[in-house]
Amino acid sequence: MLTGKVAFVTGASRGIGKAIALDLAAQGAIVIGTATSESGAQSISDYLAEAGAQGAGRCLNVTDAEMIAEVLDEVAKTFGVPTILVNNAGITRDNLLMRMKDSEWDDIIQTNLNSVYRMSKACLRGMMKAKGGRIINIASVVGVMGNAGQTNYAAAKAGIIGFSKSLAREVGARNITVNTIAPGFIDTDMTRALPQEQRDALTQQIPLSRLGEPEDIAKAVTFLAGDGGAYITGQTLNVNGGMYM
Ligand code: NAD
């Protein structure tokens, strides 16, 4: 379905990003997954090779504009211009607002929101030249519903939703779609850091009675990247087990 298409997935060393990279690769895409370290990038190259997929890992800090330009340039020369961009990299720095340090606010906005602006801008020219593209941004149920202790994270994720809707209007005539996926609570390192009681309480709020798996998000990304997503843009797809309806 995605044979020959070059897909760029940020934060693909583990969790949701890894599942996305593997699912896109299973559909025939050439996948470039990024990690924050060289060893993480190598692990991406290794799991792609093990899966018999085309593509490789690359070291990239999504807050570094120069590095983004360098990596995208090299990737275009080596593999071709990415026409599928998945902005998945993200972090948490939870705290109540009254206790929040400026650095906790700034880190989240830089890594979770400004990166989406930078990566999208850096990839758009290539997509325009290729006469089409798909940008898929990973937000969160927290950006839709809010969550105590996560004002910074919620602001960044809600920002991604507004950004995507606006960019979708700007580039639709160029055959480029821009959509957001808002995952609910997914079983990854990010949520494994939560105490078990909190995970149990969260599960009780989910009509499908389980945390999501990274693959649940990956399947939605692959759908939007493929033929099924051709006429879908500016949307937020809630993949959350029914947590928010
Ligand atoms: P994770 O912590 O397992 O993985 C995050 C990935 O982002 C890692 O590969 C990490 O190396 C990368 N990353 C972090 N900072 C980076 C930077 N500066 N530059 C480049 N890469 C960086 O998290 P996850 O649960 O797989 O989350 C993936 C995405 O899904 C994030 O955007 C997260 O906010 C979002 N999300 C997760 C959940 C959840 O419940 N796990 C829910 C909603 C949304």
Side-chain angles (χ1 to χ4, degrees), residues 8-23 31-44 47 57-68 70-72 85-94 103-104 106-119 122 136-147 150 152-161 163-164 180-194 198-199 201-203 205-206 208 210-218 220-221 236-241 243-244:
F8 197 95
V9 183
T10 65
S13 60
R14 58 175 194 258
I16 294 171
K18 179 176 179 179
I20 292 169
L22 282 169
D23 207 68
V31 176
I32 313 306
T34 78
T36 46
S37 65
E38 287 296 348
S39 60
Q42 186 56 51
S43 79
I44 295 170
Y47 74 61
R58 289 290 182 270
C59 181
L60 176 68
N61 182 341
V62 292
T63 66
D64 183 337
E66 248 176 66
M67 199 174 185
I68 290 174
E70 274 167 30
V71 170
L72 281 174
L85 168 65
V86 186
N87 283 310
N88 165 77
I91 55 170
T92 52
R93 295 276 184 276
D94 298 352
S103 62
E104 290 170 333
D106 291 342
D107 283 356
I108 290 293
I109 300 300
Q110 271 294 339
T111 306
N112 293 7
L113 180 59
N114 293 355
S115 65
V116 175
Y117 152 74
R118 285 188 208 292
M119 284 299 311
I136 301 157
N137 297 321
I138 307 300
S140 170
V141 67
V142 170
V144 182
M145 295 176 70
N147 193 25
Q150 291 198 306
N152 51 358
Y153 185 82
K157 295 300 189 180
I160 290 177
I161 294 172
F163 170 89
S164 304
T180 305
I181 291 176
F185 286 85
I186 311 299
D187 192 12
T188 68
D189 287 356
M190 197 176 261
T191 45
R192 270 176 224 130
L194 298 172
Q198 207 175 328
R199 285 166 60 94
L202 280 168
T203 307
Q205 294 174 41
I206 301 171
L208 287 177
R210 64 172 176 88
L211 296 193
E213 296 296 332
E215 291 71 24
D216 293 321
I217 306 305
V221 170
T236 304
L237 183 54
N238 297 302
V239 184
N240 59 21
M243 201 172 173
Y244 170 85

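This is a predicted model, so every value here is computed, not measured. Numbering of ligands and ligand atoms starts at 1, following listing order.
Between Asp23 and Lys18 there is no salt bridge, since no side-chain nitrogen of the basic residue lies less than 4.0 Å from a carboxylate oxygen of the acidic one.
The two residues Leu237 and Ala220 make their nearest non-hydrogen contact at CD2-CB, 4.0 Å.
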Dump the pairs for me: ligand 1 N or O, protein N or O, distance under 3.5 Å, to 0.1 Å.
| unit_1 | atom_1 | unit_2 | atom_2 | d |
| --- | --- | --- | --- | --- |
| ligand 1 | 2 (O) | Arg14 | NH2 | 3.0 |
| ligand 1 | 3 (O) | Arg14 | NE | 3.1 |
| ligand 1 | 9 (O) | Gly11 | O | 3.2 |
| ligand 1 | 9 (O) | Ser13 | OG | 2.9 |
| ligand 1 | 18 (N) | Asn61 | OD1 | 3.0 |
| ligand 1 | 19 (N) | Val62 | N | 2.9 |
| ligand 1 | 25 (O) | Thr188 | OG1 | 2.5 |
| ligand 1 | 26 (O) | Ile16 | N | 2.8 |
| ligand 1 | 32 (O) | Asn88 | O | 2.7 |
| ligand 1 | 32 (O) | Lys157 | NZ | 3.0 |
| ligand 1 | 34 (O) | Tyr153 | OH | 2.5 |
| ligand 1 | 34 (O) | Lys157 | NZ | 3.0 |
| ligand 1 | 40 (O) | Ile186 | N | 2.8 |
| ligand 1 | 40 (O) | Ile186 | O | 3.3 |
| ligand 1 | 41 (N) | Ile186 | O | 3.3 |
| ligand 1 | 41 (N) | Thr188 | OG1 | 3.0 |

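Put simply, the side chain of Thr34 gets close to the backbone of Gly11: a donor and an acceptor are under 3.5 Å apart. Side-chain atoms of Arg192 come within 3.5 Å of backbone atoms of Asp187 as a donor-acceptor pair (strictly under, hydrogens ignored). In this structure, the side chain of Asn112 engages the main chain of Ile91 through a donor-acceptor pair within 3.5 Å.
With hydrogens and angles left out, the side-chain atoms of Ser164 and Thr180 include a donor and acceptor closer than 3.5 Å.
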